[in-house]
Amino acid sequence: MLKFLNGRFEELLGAFLLALMASISFINVIVRYCTNLSFSSSEELTVNFFVWIVLLGTARTFRNGSNFSMNVIYNISPLPARKFMYIFGVVCSVAFFATLVYLGTIEVLDEYELDVSSEALDIPAWLYTIATPLFSLLIIVRIIQKVIADYKAKVIGGKNA
């Protein structure tokens with residue numbers, strides 16, 4: 001399990017979904033160009049897969065520590081202030097994604113209990129929305145992994161602390 005989480009799961013799944021989205025969209029354009037028909041399901045799939053890719057990209061970004069941050073104030077601050085900002089950022093990020101896990105789980109359970117189906121493909125809607133709590137949980141794991149790696153490398157608070 002740890003090898004799976006330390007691997008390139010987000011990149012592999014994201015690349016597969018992006019290729020699938022591009023293929024679906026390309027086929028839809030060709031069919032629409034050659035006929036007057038259109039696949040109504042193509043939009044449903046591409047929009048939902050795009051949400052999945054965004055969440056996977058967020059997990060990858062936290063894993064690599066390459067998320068966007070406000071470096072100007074952070075870099076000119078003294079070490080205690082940098083440590084506080086680092087910890088505050090981690091706490092806010094974990095709280096945000098924990099909220100997404102909670103609310104996403106409620107949404108999935110509601111869609112399951114109410115037997116909600118998608119409009120174009122008529123498949124259970126919870127199959128699309130289950131990605132929100134699952135990938136948000138993955139993001140929390142990636143945040144914690146990055147904090148542990150930073151702590152071991154003694155870089156919490158920015159430069160070598």
Query - Test side chain to side chain donor-acceptor pair (under 3.5 Å) applied to Asn48 - qualifying residues, sequence neighbours left out - result: none
Query raised in the report: At their closest point, which heavy atom of Phe39 faces which heavy atom of Asn28, and how far apart are they?
Result: N-OD1, 2.9 Å
**Report entry** Pairing residues for Ala81 by the side-chain contact (heavy atoms from CB on, under 4.5 Å) criterion, not counting sequence neighbours
**Finding:** Ser77, Pro78, Met85
Query raised in the report: Cluster question for you: counting only ILVMFWY and a side-chain heavy-atom cut-off of under 4.5 Å, with indirect links fine, are Tyr102 and Ile140 together?
Result: no
Query raised in the report: Just checking, is any N or O donor in the side chain of Tyr128 or Glu44 under 3.5 Å from an acceptor N or O on the other one?
Result: yes
**Report entry** Val54-Leu12 co-clustered via ILVMFWY side chain contacts under 4.5 Å
**Finding:** no
Report task. Work out which heavy atom in Ile143 is nearest to a heavy atom in Ser93; give both atom names and the distance. Result -> CD1-CB, 3.7 Å
Report task. Indicate the ring-plane relationship of Phe88 and Phe84, choosing parallel, tilted or perpendicular according to the 30° and 60° boundaries. Result -> parallel
Query - Phe62 to Lys146 - nearest heavy-atom pair and separation - result: O-CB, 3.5 Å
Query raised in the report: If you look at every heavy atom in Ser25 and Thr46, which pair is closest and at what distance?
Result: OG-CG2, 3.5 Å
Query raised in the report: In terms of hydrophobic clustering (I, L, V, M, F, W, Y; side-chain heavy atoms under 4.5 Å; direct or indirect links), are Val91 and Val101 co-clustered?
Result: yes
Requested in this report: Mind listing the closest non-hydrogen atom pair of Ile53 and Leu18 along with its distance?
Outcome: CD1-N, 3.6 Å
Query raised in the report: At their closest point, which heavy atom of Ala131 faces which heavy atom of Leu55, and how far apart are they?
Result: O-CD1, 3.9 Å
Requested in this report: Tell me, please, which residues at least two apart from Glu107 pass side chain to side chain donor-acceptor pair (under 3.5 Å).
Outcome: none
